[in-house]
Undergrad: 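One structure, pasted below without further comment.
This is a predicted model, so every value here is computed, not measured.
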Amino acid sequence: MKFIAAGIAIGIAGSAAAAGEAVVYNAEDREFEGYVAKAENPKGSVIIVHDWDGLTDYERQRADMLAEQGYNAFAVDLYGKGVRPQSVEENRAETEKLYSDRETMRALMTASLETAAAEDVTSPVIAGYCFGGAVALEVARMQPEGVTGYASFHGTIETPEGQDYSSAEAPMRIYHGGADTGPDMMAFATFINELEEAGTPYKAEIYAGAPHAFTVFGSDRYREEADQRSWADFLAFLGETNPGP
């Protein structure tokens with residue numbers, strides 16, 4: 001599960017002020033509750049995909065941080081309104097539903113992109129954390145029109161059988177901990193070889209000593225240097241790829 005340390009977040013974002021609000025939307029005959037944070041003078045857009053415990057204060061805080069940096073941000077909900085797992089077992093059960101049904105995963109992301117566009121989150125970069133990284137890469141293999149880039153923070157990177165990156169044309173940023181054991185460096189190398197073979201534009205950064213979930217504020221896995229370095233690179237990436245709403 002995630003923990004929020006406001007003091008750390010203030011140091012990165014420069015402000016603790018909340019900027020966003022909940023957005024309820026429908027997809028696949030169900031109700032979902034995302035979160036939108038808008039910049040005063042937006043210069044681009046970002047979609048945030050949550051970790052395996054669903055949309056929590058962590059993603060909302062990241063969305064607020066992006067709004068403070070000048071980006072309209074929408075944090076998606078892939079589990080459903082009110083569905084917020086409270087244990088490792090529940091987290092795993094929710095992710096497995098989507099890992100085993102990629103068609104639904106894609107449909108939910110398509111609906112989330114449409115909802116985000118209605119909230120002025122357009123031509124976005126899609127960024128995901130852990131499970132959300134896997135979802136971001138799933139969308140990258142879809143290559144929907146209008147998405148300008150993808151970023152995975154300590155994300156799951158295994159490619160499902162029958163899929164590849166031959167259609168993935170938008171640039172990627174991959175942020176990975178050198179001490180991450182799931183996926184480990186062998187799996188990471190396989191993934192990078194896939195991108196190379198497909199000719200997908202990417203940059204990958206590996207942070208020495210950083211375990212899985214190194215960006216999660218307040219957790220025992222949080223690594224300040226790796227978090228701040230990856231966040232700074234991500235903001236630079238947004239400046240390069242995001243044409244604005």
Side-chain angles (χ1 to χ4, degrees), residues 1-2 20-38 45-60 62-63 66 72-153 155-170 172 245:
M1 301 297 290
K2 304 188 189 77
E21 60 184 8
V23 177
V24 176
Y25 60 105
N26 293 308
E28 297 291 288
D29 299 320
R30 287 189 289 151
E31 201 169 52
F32 294 81
E33 185 175 3
Y35 179 83
V36 67
K38 295 184 181 181
S45 295
V46 182
I47 299 287
I48 300 172
V49 190
H50 57 74
D51 195 350
W52 73 338
D53 53 355
L55 175 55
T56 68
D57 284 345
Y58 178 76
E59 289 82 17
R60 286 186 282 267
R62 289 287 182 184
L66 286 165
N72 286 347
F74 183 74
V76 308
D77 171 18
L78 295 181
Y79 290 168
K81 185 178 179 181
V83 180
R84 299 294 180 262
Q86 298 299 314
S87 68
V88 169
E89 292 74 21
E90 291 179 0
N91 294 347
R92 185 174 292 112
E94 290 300 323
T95 58
E96 284 304 318
K97 290 178 185 177
L98 294 175
Y99 280 140
S100 63
D101 187 352
R102 297 286 174 152
E103 185 176 342
T104 295
M105 180 189 286
R106 292 183 174 208
L108 294 179
M109 278 304 295
T110 298
S112 297
L113 287 167
E114 292 170 353
T115 301
E119 295 290 337
D120 298 322
V121 182
T122 58
S123 301
V125 166
I126 297 179
Y129 293 85
C130 301
F131 163 72
V135 177
L137 295 177
E138 183 75 24
V139 180
R141 293 187 293 269
M142 290 169 56
Q143 196 57 48
E145 185 176 351
V147 178
T148 58
Y150 301 89
S152 171
F153 292 84
T156 303
I157 55 178
E158 288 80 5
T159 304
E161 186 175 353
Q163 293 191 26
D164 58 45
Y165 288 90
S166 59
S167 299
E169 298 177 354
M172 294 183 185

Undergrad: Using modelled atom types only, decide if a donor and an acceptor are shared between the side chain of His50 and the backbone of Leu78 within a distance under 3.5 Å.
TA: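 Confirmed, His50 side chain pairs with Leu78 backbone.
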Undergrad: Got Met109 and Val49 here, is their nearest side-chain heavy-atom distance under 4.5 Å?
TA: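 They are in contact (side-chain heavy atoms under 4.5 Å apart), so the answer is yes.
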Undergrad: Tell me if a side-chain donor or acceptor on Arg30 pairs with a main-chain N or O of Tyr79 at a distance below 3.5 Å.
TA: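 Answer holds: yes.
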Undergrad: Going by the rule side-chain hydrogen bond (donor to acceptor under 3.5 Å, both in side chains), which residues pair with Arg84 if we only count those two or more places apart in sequence or in a different chain?
TA: Asp77
Undergrad: Do Glu119 side-chain atoms and Lys38 backbone N/O form a donor-acceptor pair below 3.5 Å?
TA: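 Not at all, since once roles are kept as given, no pair shorter than 3.5 Å links the two residues.
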Undergrad: Please step through side-chain contact (heavy atoms from CB on, under 4.5 Å) for the pair Asp51 and Glu59, ending with a clear verdict.
TA: CA-CA 8 Å; Asp51 195 350; Glu59 289 82 17; 3.9 Å; yes
Undergrad: Can you name the closest pair of heavy atoms from Ala27 and Phe32 and give their distance?
TA: O-CE1, 3.2 Å
Undergrad: If the threshold is 4.0 Å, N to carboxylate O, is there a salt bridge linking Glu94 and Lys97?
TA: yes
Undergrad: Shortest non-hydrogen contact from Gly128 to Ala136?
TA: N-CB, 4.2 Å
Undergrad: Can you sort out the partners of Ser112 under side-chain hydrogen bond (donor to acceptor under 3.5 Å, both in side chains), two or more places apart, ordered by chain and number?
TA: Tyr25
Undergrad: Determine whether a donor-acceptor pair (N or O, by modelled atom type, separation under 3.5 Å) exists between the side chain of Glu90 and the backbone of Gln86.
TA: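 It does hold such a pair.
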Undergrad: Please assess Leu98 against Phe131 for the test side-chain contact (heavy atoms from CB on, under 4.5 Å), listing each intermediate value before the final yes or no.
TA: CA-CA 10 Å; Leu98 294 175; Phe131 163 72; 3.8 Å; yes
Undergrad: Examine distances only and state if a side-chain atom of Tyr35 and a backbone atom of Phe74 form a donor-acceptor pair shorter than 3.5 Å.
TA: no
Undergrad: Would you sort out whether Val36 and Asn72 count as a side-chain contact (heavy atoms from CB on, under 4.5 Å), showing the intermediate values?
TA: CA-CA 8 Å; Val36 67; Asn72 286 347; 6.0 Å; no
Undergrad: Within the 4.5 Å heavy-atom criterion, are Arg92 and Val88 side-chain neighbours or not?
TA: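 Counting from C-beta outward, Arg92 and Val88 do come under 4.5 Å.
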Undergrad: Has Ser45 got a side-chain atom pairing as donor or acceptor with Thr122's backbone, closer than 3.5 angstrom?
TA: yes
Undergrad: Which heavy atom of Ala111 sits nearest to which heavy atom of Asn26, and what is that distance?
TA: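 Looking at all heavy atoms of both residues, the closest pair is CB-O, 4.4 Å.
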Undergrad: Using a strict threshold of under 4.0 Å (side-chain N to carboxylate O), is an ion pair present between Arg141 and Asp164?
TA: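 No, Asp164 and Arg141 are not salt-bridged.
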Undergrad: Show, in sequence, the C-alpha distance, side-chain angles and deciding distance for Thr159 and Leu137, and conclude whether the side-chain contact (heavy atoms from CB on, under 4.5 Å) test is met.
TA: CA-CA 9 Å; Thr159 304; Leu137 295 177; over 6 Å; no
